[in-house]
Amino acid sequence: MAPPSPLPAALLAVCALLAAMALLQGARAQQLSPAYYDVSCPHVYDTVRRVIQAARTADPRILASLVRLQFHDCFVNGCDGSLLLDDGPAINSEKNAAPNNNSARGFPVVDDIKAALESACPGVVSCADIVALAAEVSVELAGGPYWRVLLGRRDGTTANFDAADNLPAPTDTLNVLRQKFADVGLDDTDFVALQGAHTIGRAQCRFFQERLDNFAGTGQPDPTLDGAYLSALRQSCPAAGAADARLNNLDPATPDAFDNSYYHNLLRNRGLLRSDQVMLSAPDGAAASTAPVVERFAASQADFFRSFATAMIKMGNIAPLTGSMGEVRRNCRVVNRS
Ligand code: HEM
Ligand SMILES: *[C@@H]1O[C@H](CO)[C@@H](O)[C@H](O)[C@H]1NC(C)=O
């Protein structure tokens with residue numbers, strides 16, 4: 001008889017470790033609280049809101065840019081403000097990774113919020129919490145739902161360039177996208193709801209150009225792209241290289257309003273990114289678990305708003321640093337000891 005394989009024991013050990021890590025992560029998220037700064041910095045919310053209101057008059061797109069920052073922060077090393085760190089002796093900035101380079105924006109507004117909070121309550125409010133608050137305030141100001149932001153995250157002291165490079169990409173297949181969300185504890189409903197953030201903001205031609213003329217190397221446009229919308233996009237994005245950075249509304253119907261028209265667009269084959277449309281239109285039944293959610297959110301904005309708020313809180317709970325872990329950065333761009 002063959003000797004018992006050591007594999008099951010090793011597998012069990014790995015499973016136990018993963019379960020312990022999940023428990024730890026859950027326990028850390030439970031330490032977050034909406035009341036965290038009630039005594040130490042009571043006007044934190046109003047301060048964030050005031051700075052964003054001011055920024056918005058000069059740049060209406062800033063609301064969208066700030067919402068996106070929380071996604072790109074939390075998916076990389078958890079919600080620890082790592083995205084905000086600039087290049088330094090020990091920092092390979094996530095800002096230069098492909099999904100962020102010449103794309104992620106809003107950092108000067110985060111700096112302004114930080115400066116206002118440092119003058120009101122020095123050394124108290126973390127950059128990771130500023131990102132979470134800024135996302136909520138931005139959604140609200142754009143007409144979307146309100147939720148009580150959990151607070152008490154601390155800032156990381158490292159960046160993770162490779163993980164930032166591996167953020168969900170518009171050309172990932174639906175299953176890869178779903179897996180990247182599942183990996184951080186977000187289910188299909190969260191995934192479909194969070195992509196609804198594309199109801200505001202802009203995307204550069206380079207992120208969807210291949211859908212217009214050479215979809216997946218076929219030499220044809222993406223068959224799941226509405227004809228009239230395709231023509232309009234070809235006007236805006238004439239050819240690869242010609243207008244790579246030109247901006248297009250992610251929601252052509254109501255570009256700056258946080259509403260559920262994004263899901264109506266998908267039902268009409270008017271999702272801008274491939275990663276938007278696949279939730280409804282991925283071939284071979286791949287969209288079986290996401291298409292019904294798209295339809296539900298198109299039918300009910302209230303349902304979308306509830307699920308979006310829930311999913312943003314869940315995303316904000318990804319591996320926070322709490323207690324004496326990490327630090328509260330004085331400047332969001334650099335770790336304190338440097
Ligand atoms: C399937 C996952 C996702 C992919 C592949 C994706 C991809 C993209 C891309 C390519 C852009 C355009 C960037 C540019 O042109 O510079 C974009 C913009 C944006 N994304 Fe996503 N995204 C995803 C999920 C999310 C999530 C979860 C959120 C927030 C909860 C979000 C919020 C935004 C916002 C608000 C914008 C507009 C930003 C602006 O105008 O500055 N995205 N996304
Ligand atoms: C980021 O973009 C700049 C300007 O387009 C480019 O020169 C640089 O190589 C890019 N960085 C990385 C890491 O790809």
Side-chain angles (χ1 to χ4, degrees), residues 55-56 59-76 79 83 87 92-107 109 131-132 134-136 138-139 141-142 144-145 147 161-162 164-184 186 188-211 236-237 243-251 255-258 262 266 271-279 282 290 304 307-316 318:
R56 181 195 187 190
D59 174 15
R61 182 187 171 198
I62 196 65
L63 302 180
S65 306
L66 292 171
V67 177
R68 188 172 186 228
L69 287 189
Q70 193 181 13
F71 166 48
H72 284 209
D73 181 29
C74 292
F75 266 58
V76 177
C79 310
L83 169 64
D87 269 331
N92 186 8
S93 179
E94 293 170 17
K95 293 175 186 178
N96 301 323
N100 294 325
N101 197 21
N102 303 309
S103 179
R105 61 194 294 280
F107 300 111
V109 176
V131 170
E136 194 280 335
S138 296
V139 168
L141 291 177
W147 64 94
F161 181 95
D162 292 340
D165 233 16
N166 193 39
L167 274 159
T171 48
D172 284 343
T173 65
L174 178 59
N175 279 331
V176 167
L177 293 170
R178 289 173 60 229
Q179 188 60 50
K180 286 182 177 179
F181 279 70
D183 287 346
V184 290
L186 298 169
D188 284 332
T189 304
D190 301 323
F191 166 62
V192 177
L194 287 169
Q195 284 239 77
H198 291 171
T199 178
I200 54 174
R202 317 282 178 261
Q204 303 168 58
C205 293
R206 63 189 172 97
F207 287 111
F208 58 86
Q209 185 81 48
E210 48 104 37
R211 299 187 73 202
S236 172
C237 310
D244 281 355
R246 193 172 293 165
L247 297 174
N248 303 264
N249 296 322
L250 276 156
D251 172 0
D256 293 312
F258 199 102
Y262 168 82
L266 298 184
L272 181 59
L273 305 175
R274 196 210 287 207
S275 45
D276 293 316
Q277 195 64 46
V278 287
M279 296 191 293
T290 49
F304 165 49
S307 298
F308 185 81
T310 300
M312 285 296 283
I313 291 170
K314 277 174 85 171
M315 186 168 83
I318 300 171

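This chain uses plain numbering: 1 for the first residue, then up along the sequence. Ligands are counted one by one from 1 in listed order, and the atoms in each one are counted from 1 as well. Quick caveat, the model's predicted, so the values are computed rather than measured.
- Between Ile313 and Phe308, every side-chain heavy-atom pair lies at or beyond the 4.5 Å cut-off.
- In this structure, the side chains of Leu273 and His198 come closer than 4.5 Å at one or more pairs of heavy atoms.
- If you run side chain to side chain donor-acceptor pair (under 3.5 Å) between Asn100 and each of Lys95, His72, Glu94, only His72 comes through.
- Within the 4.0 Å heavy-atom criterion, both parts of Leu194, backbone and side chain, lie near ligand 1.
- Close N/O approach between Arg61 and ligand 1 is found [any backbone or side-chain N/O within under 3.5 Å].
- Remark: ligand 1 atoms within the under-4.0 Å shell around heavy atoms of Ser275 are 5 (C).
- Contact residues for ligand 2 (protein heavy atom closer than 4.0 angstrom to any ligand atom): Asn96, Asn101, Asn102.
- Shown in contact with Ala169 at under 4.0 Å from a heavy atom are these atoms of ligand 1, numbered in order with element: 5 (C).
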Checklist entry - Hey, mind stepping through Asp188 and Phe181 against side chain to side chain contact (heavy atoms under 4.5 Å, CB included) and telling me if it holds? => result CA-CA 8 Å; Asp188 284 332; Phe181 279 70; over 6 Å; no
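- Side-chain contact between Leu177 and Phe191 is present, with at least one heavy-atom pair separated by less than 4.5 Å.
- By the 4.0 Å N-to-carboxylate-O rule, Arg211 lies too far from Asp276 to be salt-bridged with it.
- Taking 4.5 Å as the limit, every side-chain heavy atom of Leu250 sits out of range of all side-chain heavy atoms of Arg202.
- Taking atom 15 (O) of ligand 1 as the reference point, the nearest protein heavy-atom neighbour is Gln204 N, 2.6 Å.
- Counting only heavy atoms from C-beta outward, the side chains of Met315 and Ile318 approach each other to under 4.5 Å.
- Thr173 is not listed as a side-chain neighbour of Val278, based on a closest heavy-atom distance of 4.5 Å or more.
- With ligand atoms numbered from 1 in the order given, ligand 1 contributes 1 (C) to contacts under 4.0 Å with heavy atoms of Leu177.
- Results of the side chain to side chain donor-acceptor pair (under 3.5 Å) test with Arg206 over Gln204, Gln209, Glu210 single out Gln204 as the only residue that passes.
- Residue Arg105 has no nitrogen or oxygen atom sitting less than 3.5 Å from a nitrogen or oxygen atom of ligand 1, judged on distance alone.
- Using the six-membered ring where Trp is involved, Phe304 and Phe258 have ring planes that are parallel, under 30° apart on the 30 and 60° scheme.
- Judged purely by atom type and a 3.5 angstrom limit, Asp73 has no side-chain atom pairing as donor or acceptor with the backbone of Cys79.
- Cation-pi geometry between Lys180 and Phe75 is not satisfied (NZ or CZ under 6.0 Å from the ring centre, within 45° of the ring normal).
- Comparing Pro60, Gly196, Ser65 against atom 41 (O) of ligand 1, the shortest heavy-atom distance belongs to Ser65.
- Looking at Pro99 against ligand 1, nothing comes within 4.0 Å, counting heavy atoms.
- In this structure, Glu136 and Gln70 have side chains that are not in contact, with every pair of non-hydrogen atoms separated by 4.5 Å or more.
- In this structure, atom 35 (C) of ligand 1 lies nearest to the protein heavy atom Ala64 O, 3.1 Å.
- Here the heavy atom of the protein found nearest to atom 16 (O) of ligand 1 is Ser103 OG, 2.6 Å.
- Distances shorter than 2.8 Å separate atom 21 (Fe) of ligand 1 from the protein N/O/S atoms His198 NE2.
- Counting heavy atoms from C-beta on, the side chains of Asn248 and Cys237 come closer than 4.5 Å.
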